[in-house]
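These notes concern the structure reproduced below.
Read the numbers this way: they start at 1 and go in the same order the structure lists the ligands and their atoms.
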Amino acid sequence: MRGLMMDRPLLIGALIQYAAEYHGDTEIVSRTTEGPIHRYSYVDAERRARQLAKALKRLGVERGDRVATIAWNTHRHFELYFAVSGMGAVCHTINPRLFGEQLRYIVNHAEDKLLFLDLTFVPIAEKMAAEWPGLRHYVIMTDRAQMPETSLPGALCYEDLVGGESSEFVWPEFDENTASSLCYTSGTTGNPKGALYTHRSTLLHSFAVCSANAVGISMRDSILPVVPMFHVNAWGIPYAAAMSGAKLVFPGPKLDGASLHELFTSEKVTLSCGVPTVWLGLLQYLDQTGKRLDGLTRVTVGGSAAPRAMIEAFEERYGVQCIHGWGMTEMSPVGTLALPKAKHLDRPMAEQLAIKARQGFPLFGIDMKVVAPDGRVLPHDGKSSGELYVRGPWIIGAYYDDEEATAAAFDAEGWFRTGDVCVIDPDGYMIIVDRSKDVIKSGGEWISSIDLENAAMGHPEVAEAAVIGLPHPKWDERPLLIVVPKAGHQPSKESITAFLGDKIARWQLPDDVVFVAELPHGGTGKVLKTRLREQFRDYRLPTI
Ligand code: ADP
């Protein structure tokens with residue numbers, strides 16, 4: 001028997017319409033690429049998104065066309081998110097930190113028609129333009145007065161486009177499974193792969209992210225997403241904020257500790273989201289200046305494992321709840337979050353911290369299974385580690401126009417293969433052991449590079465740490481620990497090994513420790529292990 005409820009589509013246009021109607025005077029504040037702070041409201045943003053949608057139509061954009069952006073987190077990028085998807089086209093966000101070859105590939109593979117770009121990225125586009133023959137227009141996201149001299153063919157001015165249109169536009173209705181946005185994974189090997197989200201997947205992901213077992217976003221929040229809108233839709237925060245009527249504070253290009261702290265204070269930010277490297281920068285700034293984080297109630301951290309010391313610093317020193325999460329571009333991206341359950345709240349602080357340092361339990365909608373190399377599905381016993389497979393309504397069912405990558409990514413039952421090795425404990429908390437390609441295989445056992453890195457980052461003189469496996473004639477591979485000391489410190493090898501001694505099993509301790517000024521980071525802020533492996537290819541461990 002079919003039920004008798006309305007079949008109304010879940011659409012991104014409706015999100016911004018709702019925000020304008022019921023939270024119209026809620027502010028959206030941006031540090032602009034040009035420098036000054038810009039502020040307006042959801043009513044203004046929605047009106048300008050309608051004007052922009054009309055401008056896109058005038059430029060020949062039709063439903064299903066891909067419209068690319070290379071831009072910081074600002075109000076203009078926010079308008080693009082809603083104008084492009086809302087009119088039925090596909091908002092293709094591009095990560096400017098990708099290499100030239102990757103940029104060439106994804107714009108051509110996506111067959112982007114238009115490219116909107118911030119002033120900062122004009123030089124990148126100028127360098128690439130000859131390799132992007134399909135792009136019909138470049139739109140520079142600034143006003144007439146700030147338009148630069150550029151070799152980009154027929155460059156248009158964003159404010160002229162928006163200002164030249166009336167707002168007489170009605171958000172159209174269409175099938176909720178229509179493609180809404182596109183994001184390529186940075187792919188350390190092979191070509192980048194496209195995750196093509198739908199209106200439905202985006203809205204379901206937003207409901208989940210807003211819920212209280214997740215980040216618990218409400219209209220009383222003021223949210224500063226440090227995670228970039230040029231990668232996995234800033235973890236869905238722009239949509240989740242519109243859905244809940246939360247104030248948005250966009251940091252523009254300035255992501256250093258001092259600039260973030262200034263906005264946290266002036267805009268009474270309650271929630272902020274970022275990768276560990278961003279929070280390392282902020283915590284160092286707080287350390288140096290003695291400043292506090294008044295008003296901020298929670299931060300989320302993901303993209304790479306959050307070191308326990310970071311969670312402890314936020315919670316114990318600054319009184320800010322630190323929510324560790326895990327996800328992937330292919331998962332919109334949020335899959336799990338590590339909030340403690342009621343029964344954990346009266347446990348000793350050290351135990352609670354250990355729970356918060358896990359990657360977390362899944363949001364409703366995400367199914368997880370752990371699979372052994374021989375294909376056996378492993379129990380959730382906190383001990384059995386294997387590769388993590390997932391499925392759910394905001395996880396890709398295929399890569400965009402890439403049969404080869406798609407064939408490799410799913411099992412016979414349609415589960416998506418994450419490439420992460422994990423265990424799941426009896427309470428349902430998932431713990432990432434490693435990326436399957438980063439785990440160190442020593443004498444038939446696995447050593448987690450993440451565990452070693454996290455432990456090393458608890459050392460008071462260590463700013464950042466990375467572990468790679470180097471070939472070893474007896475053990476196959478053994479770990480090398482690479483350390484960036486904190487500014488003004490010179491820790492010794494011995495002090496680090498001694499520090500790790502009571503935290504890590506003896507056979508898992510690194511065979512050597514080396515010090516470097518900085519680690520190579522990829523387009524999404526993660527340490528580039530491939531680069532480190534190349535860099536230390538000829539390094540000889542003292543244990544050989
Ligand atoms: P994003 O681009 O959103 O950072 P990617 O799709 O590039 O995501 O990378 C996803 C991978 O990042 C995951 O498969 C996992 O290996 C790693 N990752 C993400 N969050 C965490 C986390 N909290 N702890 C450990 N690894 C993580």
Side-chain angles (χ1 to χ4, degrees), residues 93-98 102 106 181-190 192-195 197 205 209 214-215 225-237 273-279 299-308 310-311 322-339 355-363 366 368 370 385 387-390 394-396 399 405 409 416-424 429-439 448-454 457 466-467 521-530:
T93 52
I94 298 178
N95 184 343
R97 299 187 186 127
L98 296 180
Q102 296 173 318
I106 61 177
S181 51
L182 176 63
C183 177
Y184 283 73
T185 63
S186 32
T188 41
T189 52
K193 294 169 280 187
Y197 312 109
H205 179 260
V209 166
V215 189
V226 190
V227 280
M229 291 170 75
F230 58 66
H231 188 65
V232 224
N233 304 321
W235 297 352
I237 291 295
C273 314
V275 295
T277 32
V278 160
W279 296 141
V299 294
T300 67
V301 52
S304 307
R308 189 179 156 141
M310 174 178 290
I311 300 174
C322 182
I323 308 174
H324 185 200
W326 165 89
M328 301 179 76
T329 305
E330 290 88 339
M331 301 177 70
S332 300
V334 184
T336 64
L337 291 160
L339 282 96
I355 291 166
K356 292 173 185 176
R358 294 171 185 176
Q359 275 67 21
F361 57 83
L363 302 177
I366 303 281
M368 306 198 295
V370 186
S385 68
E387 188 161 357
L388 176 62
Y389 284 71
V390 290
W394 55 87
I395 298 173
I396 60 160
Y399 284 108
F416 175 72
R417 180 177 184 185
T418 64
D420 285 330
V421 176
C422 78
V423 300
I424 299 179
Y429 289 83
M430 188 271 286
I431 301 151
I432 297 264
V433 175
D434 222 327
R435 288 295 288 165
S436 53
K437 55 185 187 295
D438 293 340
V439 76
S448 159
S449 64
I450 294 184
D451 280 355
L452 279 173
E453 288 157 5
N454 280 346
M457 281 196 262
V467 171
H521 288 100
T524 55
K526 293 188 226 289
V527 173
L528 273 183
K529 297 253 173 119
T530 41

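- On a distance-only criterion, Trp235 and ligand 1 share no N/O pair closer than 3.5 Å.
- Of the possible polar contacts, one joining the Glu387 side chain to the Gly419 backbone as a donor-acceptor pair under 3.5 Å is found.
- Assignment of Met331 to the shell around ligand 1 is not supported, since no heavy atom sits closer than 4.0 Å.
- In this model, a donor atom of one side chain and an acceptor atom of the other lie less than 3.5 Å apart for Tyr399 and Glu330.
- Counting heavy atoms under 4.0 Å from ligand 1, residue Ser304 touches it through the backbone alone.
- Less than 4.0 angstrom separates some heavy atom of Glu330 from each of these atoms of ligand 1: 6 (O).
- The main-chain N or O of Ile432 is found under 3.5 Å from a side-chain atom of Gln359 such that the two form a donor-acceptor pair.
- Test Val433, Val423, Thr418 against Leu388 for side-chain contact (heavy atoms from CB on, under 4.5 Å) and you get one pass: Thr418.
- In this structure, the separation between CD1 on Ile450 and CG on Asp434 is 5.0 Å, given to the nearest 0.5 Å.
- Considering each of Ala195, Cys183, Ala305, Gly302, the one bringing a non-hydrogen atom nearest atom 25 (C) of ligand 1 is Ala305.
- Of the heavy atoms in Met328, both backbone and side-chain atoms come closer than 4.0 Å to ligand 1.
- Ranking protein heavy atoms by distance to atom 5 (P) of ligand 1, first place goes to Thr329 OG1, 3.6 Å.
- Close N/O approach between Gly325 and ligand 1 is found [any backbone or side-chain N/O within under 3.5 Å].
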Side chain to side chain contact (heavy atoms under 4.5 Å, CB included) between Tyr197 and Asn233, intermediate numbers included
CA-CA 10 Å; Tyr197 312 109; Asn233 304 321; 3.6 Å; yes
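- Contact annotation for Thr185 and ligand 1: no heavy atom of the residue comes within less than 4.0 Å of the ligand.
- Protein heavy atom closest to atom 2 (O) of ligand 1, with residue, atom name and distance, is His231 NE2, 2.3 Å.
- At the top of the distance list for atom 13 (C) of ligand 1, counting protein heavy atoms only, stands Asp420 OD2, 3.3 Å.
- Shown in contact with Val232 at under 4.0 Å from a heavy atom are these atoms of ligand 1, numbered in order with element: 3 (O).
- Residue, atom and distance of the protein heavy atom nearest to atom 10 (C) of ligand 1 are Gly327 O, 3.5 Å.
- Note that the CH2 atom of Trp394 and the CD1 atom of Ile366 stand 5.0 Å from one another [nearest 0.5 Å].
- Counting atoms of ligand 1 from 1 in the listed order, those under 4.0 Å from a heavy atom of Lys526 are 1 (P), 4 (O), 5 (P), 7 (O), 8 (O), 9 (O), 10 (C), 11 (C), 12 (O).
- Some N or O of Gly303 is nearer than 3.5 Å to an N or O of ligand 1, by distance alone.
- Lys529 has a carboxylate O that lies under 4.0 Å from a charged side-chain N of Glu453, or vice versa, which qualifies the two as a salt bridge.
- Residue Arg435 qualifies as enclosed at atom CZ: its count of foreign heavy atoms under 6.0 Å is above 12.
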